[in-house]
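These notes are about the structure you will find just below.
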Protein chains: 2
Amino acid sequence: MPKNCNFIEKLREVGLRPTKQRVKMCEVLFNREKTFHFTINDLVKLLSEKMNQKISLATVYNTVHAFEKKGYLKEISIDSHKSYFDTNTSAHHHFFDEDTHELIDCDESDIDKINIRKNITGKKINSVEVLVRVASDNQTQK
Amino acid sequence: MPKNCNFIEKLREVGLRPTKQRVKMCEVLFNREKTFHFTINDLVKLLSEKMNQKISLATVYNTVHAFEKKGYLKEISIDSHKSYFDTNTSAHHHFFDEDTHELIDCDESDIDKINIRKNITGKKINSVEVLVRVASDNQTQK
DNA sequence: ATCTACATTATAATAATTCTAAACTATTGA
DNA sequence: TCAATAGTTTAGAATTATTATAATGTAGAT
């Protein structure tokens with residue numbers, strides 16, 4: 001049984017038609033050990049260069065957003081100039097390497113539980129996320 | 001002594017020429033009790049509607065970025081679709097109201113100190129910021 | 001096999017931001 | 001004071017990221 005079958009099933013489960021393009025994108029995004037952080041641009045490049053799969057840019061946008069809506073992907077706000085997505089959809093924190101522009105997931109144990117003392121009346125907390133910006137430690141940095 | 005003098009001096013101190021446009025923007029941004037969160041769009045509207053000051057869009061971008069570089073403003077990443085700026089340039093956390101798209105500063109006492117257990121070798125921590133997303137608490141929400 | 005609803009595609013449209021090059025202005029110092 | 005000059009503003013063009021459109025294609029149901 002080829003591994004694609006998993007993706008076909010998973011797509012069907014959430015009500016997304018398992019089209020050629022979506023299955024291909026699943027392979028690129030979810031056949032990984034570690035979580036994957038990417039921009040739409042990264043993904044288009046990966047698909048065309050590594051997978052030799054020409055998918056229209058509009059489809060990549062549509063599909064990424066479909067995946068996001070169905071909980072397969074999560075959008076991360078780090079840089080107002082581009083959208084990052086994360087294959088790890090659980091609530092978790094990030095390190096952001098300002099030298100390489102690389103995102104790194106935090107494990108649960110990396111950051112102690114955040115204690116929030118303030119309450120906004122009539123509002124409930126949807127998420128609490130920490131972003132730790134890091135950069136090169138040497139003296140000669142800019 | 002008109003209050004503008006302060007801004008003229010301040011601009012000069014950091015090496016920015018105190019032009020008419022910059023001083024006007026200072027008045028809009030920094031003559032406030034509370035910190036101010038805004039997008040470029042908000043600012044352009046404020047300048048033209050409230051202050052009756054027509055400033056070219058390019059100048060608003062230039063000036064906001066000049067202020068940011070000199071530490072007068074801080075950019076906040078919340079929404080990948082627009083850039084928010086904050087007149088509070090110290091390290092601090094935010095609430096983000098997902099209903100109104102409003103940003104609210106946290107006081108020091110609102111969130112306990114964040115304890116980071118992980119170390120990225122060769123990298124130092126530049127900042128640690130928490131974003132708490134809140135939304136309406138009622139049952140009938142979307 | 002056929003139908004229908006949903007997907008994909010190329011391309012156009014939009015929105016946010018940056019670039020360009022000409023006109024303008026604050027500062028310097030003769 | 002006044003010109004020189006270096007930095008600034010401006011309108012508009014260019015660029016980039018993203019979304020909309022409308023025609024064509026395809027998965028799933030009958």
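In what follows, every chain begins at residue 1, and chains take the letters A, B, ... in the order their sequences are listed.
With sequence neighbours left out, the side-chain hydrogen bond (donor to acceptor under 3.5 Å, both in side chains) criterion links B:N115 to A:D112. Partners of B:R133 according to the side-chain hydrogen bond (donor to acceptor under 3.5 Å, both in side chains) rule, which considers only residues two or more places apart in sequence or in another chain, are B:E98. B:E129 pairs by the side-chain hydrogen bond (donor to acceptor under 3.5 Å, both in side chains) definition with B:K74, not counting sequence neighbours. Take A:S83 and apply the side-chain hydrogen bond (donor to acceptor under 3.5 Å, both in side chains) test, not counting sequence neighbours, and it matches A:E75, B:S80. Taking the ring pair (Phe, Tyr, Trp, His ring centres under 6.0 Å) definition, one finds that A:H93 meets it with nothing, sequence neighbours left out.
As rounded to whole Å, 13 Å separates atom P of C:dT9 from atom NZ of A:K24. Residue A:K70 contributes atom NZ, which lies 9 Å from atom P of C:dA7 at whole-angstrom precision. Atom pair A:E9:CD and D:dA27:P shows a separation of 16 Å (rounding to whole Å applied). Note: CG (B:L11) to P (D:dT9) measures 10 Å, nearest angstrom. Spacing between atom CZ of B:F67 and atom P of D:dT8 amounts to 11 Å, rounded to whole angstrom units. When the C1' atom of C:dA16 is taken as reference, atom CG of B:D42 falls 14 Å away, rounded to whole Å. In this entry the distance linking CD of B:Q53 with P of D:dT9 reads 11 Å, nearest Å. Here C:dA16 presents its C1' atom at 12 Å from CZ of B:F85, a figure rounded to the nearest Å.
The residue B:T19 sits close only to the backbone: its heavy atoms come under 4.0 Å of sugar-phosphate atoms, none of a base.
Applying the 4.0 Å criterion to OP1 and OP2 of C:dT25, one finds that B:Q21 has every side-chain N and O outside that range.
Taking all atoms of both residues into account, the shortest heavy-atom contact from B:D86 to B:T89 is O-CG2, 4.4 Å.
In this structure, the helix from C:dA1-D:dT30 to C:dA30-D:dT1 shows an angle of 20° between the axis at its start and the axis at its end, each fitted on 5 base pairs and rounded to 10°.
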In a table with atom names and distances, give each donor-acceptor pair under 3.5 Å that connects a side chain of residues 11-24 of chain B to protein atoms at least two apart or in another chain.
unit_1: B:T19; atom_1: OG1; unit_2: B:R22; atom_2: N; d: 3.3
unit_1: B:R22; atom_1: NH1; unit_2: B:R17; atom_2: O; d: 3.1

Between side-chain atoms of residues 46-61 of chain A and protein atoms elsewhere (two or more places apart, or another chain), which donor-acceptor pairs fall under 3.5 Å?
unit_1: A:S48; atom_1: OG; unit_2: A:K45; atom_2: O; d: 3.4
unit_1: A:S56; atom_1: OG; unit_2: A:A58; atom_2: N; d: 3.2

Give every donor-acceptor pair under 3.5 Å between a side-chain atom in residues 103-111 of chain A and any protein atom, sequence neighbours left out.
unit_1: A:D105; atom_1: OD1; unit_2: A:H37; atom_2: NE2; d: 2.7
unit_1: A:D105; atom_1: OD1; unit_2: A:H92; atom_2: NE2; d: 3.1
unit_1: A:D105; atom_1: OD1; unit_2: A:H94; atom_2: NE2; d: 3.0
unit_1: A:D105; atom_1: OD2; unit_2: A:T35; atom_2: OG1; d: 2.9
unit_1: A:D105; atom_1: OD2; unit_2: A:N88; atom_2: ND2; d: 3.0
unit_1: A:D105; atom_1: OD2; unit_2: A:H92; atom_2: NE2; d: 3.4
unit_1: A:D110; atom_1: OD2; unit_2: A:D107; atom_2: N; d: 2.7

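Here ring pair (Phe, Tyr, Trp, His ring centres under 6.0 Å) pairs that include residues 102-127 of chain A, with residues two or more places apart or in two chains, number zero.
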Protein and nucleotides 17-20 of chain C: nitrogen or oxygen contacts under 3.5 angstrom:
unit_1: C:dT17; atom_1: OP1; unit_2: B:S83; atom_2: OG; d: 3.3
unit_1: C:dT17; atom_1: OP2; unit_2: B:Y61; atom_2: OH; d: 2.6
unit_1: C:dT17; atom_1: O5'; unit_2: B:Y61; atom_2: OH; d: 3.3

Output a table of nitrogen or oxygen pairs between the protein and nucleotides 28-30 of chain D separated by less than 3.5 Å.
unit_1: D:dG28; atom_1: OP1; unit_2: A:R12; atom_2: NH1; d: 2.4

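Annotation: A:K118, atom NZ; neighbour count of heavy atoms from other residues, nucleotides and ligands within 6.0 Å is above 12.
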